[in-house]
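Quick notes on the structure that follows.
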Amino acid sequence: MTFAQRNISLQDAPTALDGHVIIGGGVCGCLLAHQLATRSNQPVWIIEAGGEQAENQSYRDRPARWLHLLGSSDDYAFSTLPNDALSGRQITWPRGRGLGGSGRINAMIWLPPHSSDLQTLTDAGLDRSSLNNALETSQTLIPTEAPRFVSESSQHFLDSVQHDSNLGTFAAYQRINRFGRRWTTARLLDDLDQTSPESTARVRVIQANVNELSIRENQVDAIQLQSGRLVRDLAISADTQVVSCAGALGTPELIMRSGIRHPAIGANLHDHLIMPIIYRHSGSGFLAGRPNMNQLAAWQHGGTGPLASNIAECGGFDPSMRFQLHVTPTDYLRYPARAGDPAMTFAVSLTRPQSRGRLTLSEADANTPAQRLQIDTGYLSDRNDVGELIEAVRWGRQLAESLQQSGWLLKESTPGVKRQSDSQLEAAIARFTQTLYHPGGSCSLGTVVDANFRACGLENLRIVDASLLPEPTFGNPTGVLAMLTCYAAQAIAGKQK
């Protein structure tokens with residue numbers, strides 16, 4: 001039996017919660033629960049709507065199948081507002097549903113925090129030495145490993161750039177895997193159940209949505225939960241810490257729904273926007289159709305073979321560290337629907353985009369009585385980002401040229417060789433760019449949240465998730481979030497012994 005199978009229903013939940021109440025069982029929520037269960041003797045409650053979905057398990061386990069989870073029952077699949085800079089397009093923002101959160105549905109890339117990430121957090125009031133200690137703790141808890149499989153096209157790329165430092169620094173990405181299998185922070189609680197059952201006994205999961213918080217005299221005094229048609233208000237004592245780990249979208253939405261007013265809530269929304277440069281080649285395609293018996297056996301018995309690929313297999317940064325690259329052995333825009341096509345993608349993004357968006361709640365009316373979260377991404381609202389992304393595309397093309405010189409035949413299909421001028425590339429960026437799944441900043445540290453992770457001046461409400469991030473992380477954010485969570489756990493556990 002896994003820990004997630006010990007959920008209790010809302011109907012069976014107690015009338016009052018004490019100790020630590022964690023809203024959201026995602027990457028930060030499960031890691032925080034693990035740390036609080038081992039650092040204090042207080043009860044730890046996780047409130048997570050997703051529960052334990054029986055479907056999609058093979059996709060959740062096999063690294064190469066994670067894209068099949070997008071749009072499934074594991075994905076909330078938010079939709080943004082139309083963006084004029086993206087040709088009026090609306091973009092789907094995948095967000096994980098269930099224990100493990102967005103770690104259930106992403107490529108599991110692990111990049112340690114960059115020095116600029118540490119500086120950003122230090123400038124927001126956190127202690128640099130404690131951040132380093134928290135990073136060490138997180139690295140002992142999150143299993144990462146070198147890739148057990150790299151596709152033919154990605155290996156050709158790595159071979160072609162390894163001797164030219166003028167192009168940048170590149171490598172196969174470390175992955176949050178265990179023996180070639182996808183891993184999420186929900187597994188921490190399973191592991192803890194084996195090594196310290198008395199700690200795990202303090203943790204319980206209530207499967208429910210959180211509708212709103214009740215605030216009285218500068219305290220959260222109750223939480224309204226809903227499961228199906230059942231709605232209950234659970235009391236919160238004055239010395240109970242409520243921690244929102246509901247993510248860059250869920251946390252500000254909950255706070256706004258609860259009537260908490262602060263001008264910075266929902267503001268400063270940022271994300272990495274990624275531009276795919278897609279090539280056809282003369283090699284073999286990647287995982288066409290269902291995996292064959294040999295591929296299944298390689299993964300099942302050795303955690304290797306193409307099923308162990310995380311798709312975004314390798315990448316790196318340009319010499320100025322302005323751009324990040326993700327290389328996939330697929331057509332970025334059409335895989336897995338067009339699985340097996342001989343294609344590869346050089347997907348480029350800005351490490352520090354300056355554009356900012358905002359989250360708001362729609363006005364209720366007769367047709368839509370329930371307020372809905374509105375996501376104004378603000379993509380490319382800062383014109384400097386447009387120019388930078390055009391330069392990033394040219395850098396990506398330069399990398400492709402090095403691969404062509406090595407004898408690996410490539411033909412650019414997107415944006416296409418005819419698009420060369422700035423205006424042509426800007427039009428292509430407007431048409432083809434996608435989210436890199438890294439939203440953050442909507443309850444920023446230093447504005448909405450103080451250095452003790454206390455939110456909006458409320459005594460017993462904390463926030464620990466990507467909404468804290470004052471700036472976009474330099475690269476893929478899980479390493480930064482894991483570090484932040486371990487840092488916060490020490491502060492929160494120190495409040496209650």
Side-chain angles (χ1 to χ4, degrees), residues 63-64 67 107 109 146-175 274-289 291-292 294-295 298-299 304-349 389-421 424-425 428 432:
L67 283 166
I109 292 172
R148 291 170 171 247
F149 174 88
V150 175
S151 65
E152 180 185 26
S153 55
S154 292
Q155 191 59 59
H156 274 295
F157 165 74
L158 291 171
D159 291 342
S160 73
V161 298
Q162 64 177 336
H163 300 301
D164 191 348
S165 60
N166 292 323
L167 293 174
T169 55
F170 308 95
Y173 284 126
Q174 291 280 309
R175 302 168 189 176
I274 194 164
M275 173 62 190
I277 312 167
I278 302 171
Y279 293 88
R280 305 298 173 193
H281 60 71
S282 57
S284 57
F286 180 78
L287 270 182
N292 61 41
N294 289 336
Q295 293 165 343
W299 179 79
T304 188
L307 283 174
S309 168
N310 71 332
I311 310 298
E313 295 179 333
C314 62
F317 301 89
D318 73 296
S320 65
M321 308 295 274
R322 291 181 296 156
F323 315 135
Q324 184 178 8
L325 172 76
H326 290 80
V327 177
T328 78
T330 64
D331 181 321
Y332 194 93
L333 296 176
R334 299 167 183 85
Y335 187 87
R338 294 281 296 275
D341 284 0
M344 69 182 300
T345 299
F346 292 71
V348 294
S349 60
L389 204 46
I390 289 171
E391 285 192 50
V393 171
R394 294 201 165 103
W395 171 65
R397 283 175 162 173
Q398 186 180 3
L399 297 174
E401 287 175 9
S402 71
L403 196 57
Q404 289 170 322
Q405 292 169 5
S406 73
W408 185 252
L409 300 179
L410 298 175
K411 181 180 179 181
E412 184 180 313
S413 59
T414 303
V417 293
K418 292 183 178 180
R419 292 187 170 101
Q420 295 292 334
S421 69
Q424 288 170 329
L425 290 179
F432 296 118

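Any value given below was found using the heavy atoms of this structure, including those in side chains, with hydrogens, waters and symmetry copies removed.
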* **CA sep, side-chain torsions, deciding dist, call: T328, E313, side-chain hydrogen bond (donor to acceptor under 3.5 Å, both in side chains)** => CA-CA 6 Å; T328 78; E313 295 179 333; over 6 Å; no
Looking only at heavy atoms, what is the nearest atom pair of [X] and [Y], with distance?
| X | Y | result |
| --- | --- | --- |
| G283 | P342 | O-CB, 3.4 Å |
| E152 | S284 | OE1-OG, 3.5 Å |
| H326 | A312 | CD2-CB, 4.2 Å |

Would a 4.5 Å heavy-atom cut-off, applied to side chains only, mark [X] and [Y] as touching?
| X | Y | answer |
| --- | --- | --- |
| R280 | M344 | no |
| W395 | R322 | no |
| R175 | P63 | no |
| L167 | D164 | yes |
| I274 | Q324 | no |

Atom [atom1] of [X] and atom [atom2] of [Y]: how far apart are they, to the nearest 0.5 Å?
| X | Y | atom1 | atom2 | result |
| --- | --- | --- | --- | --- |
| E401 | Q404 | CD | CD | 6.5 Å |
| T330 | Y335 | OG1 | OH | 7.0 Å |
| E391 | S320 | CD | OG | 8.0 Å |
| T345 | I311 | OG1 | CD1 | 10.5 Å |
| R148 | L307 | CZ | CG | 13.5 Å |

Ignoring hydrogens and geometry, is there a side-chain-to-backbone donor-acceptor pair from [X] to [Y] under 3.5 Å?
| X | Y | answer |
| --- | --- | --- |
| N310 | A107 | yes |
| S402 | L399 | yes |
| T169 | G316 | no |

List in chain and number order the residues that pass side-chain contact (heavy atoms from CB on, under 4.5 Å) with [X], two or more places apart in sequence or in another chain; answer none if no residue qualifies.
| X | value |
| --- | --- |
| P306 | F149, F286, L287, Q295 |
| S165 | none |
| S406 | S160, L403, W408 |

* Residues two or more places apart in sequence or in another chain: which of them pass side chain to side chain donor-acceptor pair (under 3.5 Å) with Q424? -> S421
* Asked: Does S349 have any side chain to side chain donor-acceptor pair (under 3.5 Å) partners at least two apart in sequence or in another chain, and if so, which?
  -> none
* Residue among V348, D318, I277, V161 satisfying side chain to side chain contact (heavy atoms under 4.5 Å, CB included) with L325 -> V348
Output a table of donor-acceptor pairs, distance under 3.5 Å, between side-chain atoms of residues 409-419 and any protein atom two or more places apart or on a different chain; print 'none' if there are none.
residue : atom : partner : partner atom : Å
E412    : OE1  : Y279    : OH           : 3.4
E412    : OE1  : R397    : NE           : 3.0
E412    : OE2  : R397    : NE           : 3.4
E412    : OE2  : R397    : NH2          : 2.7
E412    : OE2  : G416    : N            : 2.9
S413    : OG   : I278    : O            : 3.3
R419    : NH1  : P415    : O            : 2.5

* Asked: Would F346 and F157 count as a close aromatic pair, with their ring centres under 6.0 Å?
  -> yes
* For the ring pair F432 and Y332, is the centre-to-centre distance below 6.0 Å? -> no
